[in-house]
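Contents: one structure, followed by commentary.
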There are 2 protein chains.
Amino acid sequence: MARTLADREEVVAALAEIFRDHGFEGASLSTITARTGLGKGSLYNLFPGGKAEMAEAVLAHIDGWFQAHVFRPLEHGGDGLAAVEAMFQATDAYFRSGRRVCVVGVFALGDARDLFAAQVRGYFAAWVTALASALVRAGRDPAWAQADAEEVVAGIQGALVLARALNDTGVFSRMLARLRLGLAWNVPPPPDMTSR
Amino acid sequence: MARTLADREEVVAALAEIFRDHGFEGASLSTITARTGLGKGSLYNLFPGGKAEMAEAVLAHIDGWFQAHVFRPLEHGGDGLAAVEAMFQATDAYFRSGRRVCVVGVFALGDARDLFAAQVRGYFAAWVTALASALVRAGRDPAWAQADAEEVVAGIQGALVLARALNDTGVFSRMLARLRLGLAWNVPPPPDMTSR
DNA sequence: GGAGGGTTGTACCGTTCGGTCCAGTTCGTA
DNA sequence: TACGAACTGGACCGAACGGTACAACCCTCC
């Protein structure tokens, strides 16, 4: 009788895929009922706040996943470089090598941005911060680690955009490989930017 | 009497900002009439195909601008490195150092992706190809130039996502600086990826 | 088996959507 | 000044929107 937690989790997972495909505006309740198999009554029973609450639940779900599988390992994993490598693997798996797109990124660019500004900002800020801390642990100069981390997170997001736009997952794989290399070199900026 | 080209250009420019802010789904006709100051009659006189034609006009307008100010200079400018530097400057100016977002990127991630798939893909493909050709002219190994170009274009797109999500244009500026440096170094991948 | 509360599908609500239509206005031409 | 085509704003349309209400329907527990 009592709805189990697992049920809600399943629904949230389905909602995540719907928002991923259609964005917030594009995901209509009729789409949602069709793809979840639940009527409106059930949906509003689970999410009294309507579509906005569904989206928030999805964002929270995603944030929870990244906290557990990406952010915390980055911050508390022992070896910095190993933690970074684990992040790349988890990221590649999560985004299915570029076949999947980032819901938070979609929300960041879409019309719903203002509605979910705090969650969107928190997600990316947490990612950058966690990655930077791992880089510092790996020996990177703290003054550069933050910018390094930004570059990697932005690179991942951009690769998702490009992979979807070009319909070519190779872009995502290549980008991940290059970001890995860039961190492995760990080269400080040269004094003369024009030298080649 | 005959509507001048300038008028249409102005309307398309206004439409571009609307789609930039709201995406395709989020830009309702009422928003459009309010922000353009034109009634529906005028809009449908200019764009008989409705919202889809407006969006196509915007994409064509953007493509035209990038062709003229970015792609062609990249492909036919004399010095490869100078052409790349000019691209970075034009890009920074166009995106207002990260305050503006990329309409094509927004469309690529949004629900309208399928409607405009060809234009979205064409835009990014042209950018990558043009940049790669300039890199080759600058002496870069053709085998790497394509991936270099992908990295830069993806980096720019990702920086736009991150800058908007974090509401911090600094991300965009830093990313542009790093991408410039990355190309200036022009470092080949090391044989041993695990070395630091 | 009967009772009763949580859960479900669906009919329905007012609103807003994209789009059509047309009477009125504008403006170059003669 | 008079004409007529091009243009304009806004009333209007059916459809679809997000959301509400509620009767039917399980279950679980006596």
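All of these numbers come straight from a predicted model, not from anything done at the bench. Chain naming here is simple, since letters A, B, ... match the order of the sequence lines and numbering starts at 1 in each.
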For this session: Name the nucleic acid region contacted by B:A52, choosing base, sugar-phosphate or nothing; use a 4.0 angstrom heavy-atom cut-off, strictly under.
Result: nothing

Exercise. To the nearest angstrom, how far is A:Y44 atom OH from C:dT10 atom P?
Worked result: 17 Å

Exercise. Under 4.0 Å between a Lys/Arg side-chain N and an Asp/Glu carboxylate O for B:E17 and B:R100?
Worked result: yes

Problem set entry | Spacing of B:L29 atom CG relative to C:dT15 atom P, expressed in whole Å | 20 Å

For this session: Evaluate the side-chain proximity of B:L15 to B:H61: yes if any heavy-atom separation is below 4.5 Å, no if none is.
Result: no

Exercise. In whole angstroms, how far is the P atom of C:dC17 from the CG atom of A:D111?
Worked result: 11 Å

For this session: Using the test side chain to side chain donor-acceptor pair (under 3.5 Å), find all partners of B:R99 that sit at least two apart in sequence or belong to another chain.
Result: none

For this session: Flag the pair B:R137 and B:D79 as a salt bridge only when some basic side-chain nitrogen lies within less than 4.0 angstrom of an acidic carboxylate oxygen.
Result: no

Problem set entry | All pairs passing ring pair (Phe, Tyr, Trp, His ring centres under 6.0 Å) where residues 74-100 of chain B contributes a residue, at least two apart | B:W65-B:Y94, B:F66-B:Y94

Can you name the atoms? Protein N/O to nucleotides 10-16 of chain D N/O, anything below 3.5 Å, with the distance.
residue: D:dG10; atom: O6; partner: B:G41; partner atom: N; Å: 3.0

Problem set entry | d(CG, B:L38; C1', D:dG9) in whole Å | 10 Å

For this session: Would you name the heavy atoms of A:S97 and A:F172 that are closest together and state the gap between them?
Result: C-CD2, 3.2 Å

For this session: Round to a whole Å and report the spacing from CZ of B:F24 to P of C:dC17.
Result: 14 Å

For this session: Report the distance from atom CG of B:L43 to atom P of D:dT8, rounded to the nearest whole Å.
Result: 9 Å

Exercise. Rounded to whole angstroms, how far apart are CE on A:M54 and P on D:dG18?
Worked result: 9 Å

For this session: Mind calculating the distance between CZ (B:F47) and P (C:dG18) to the nearest angstrom?
Result: 15 Å

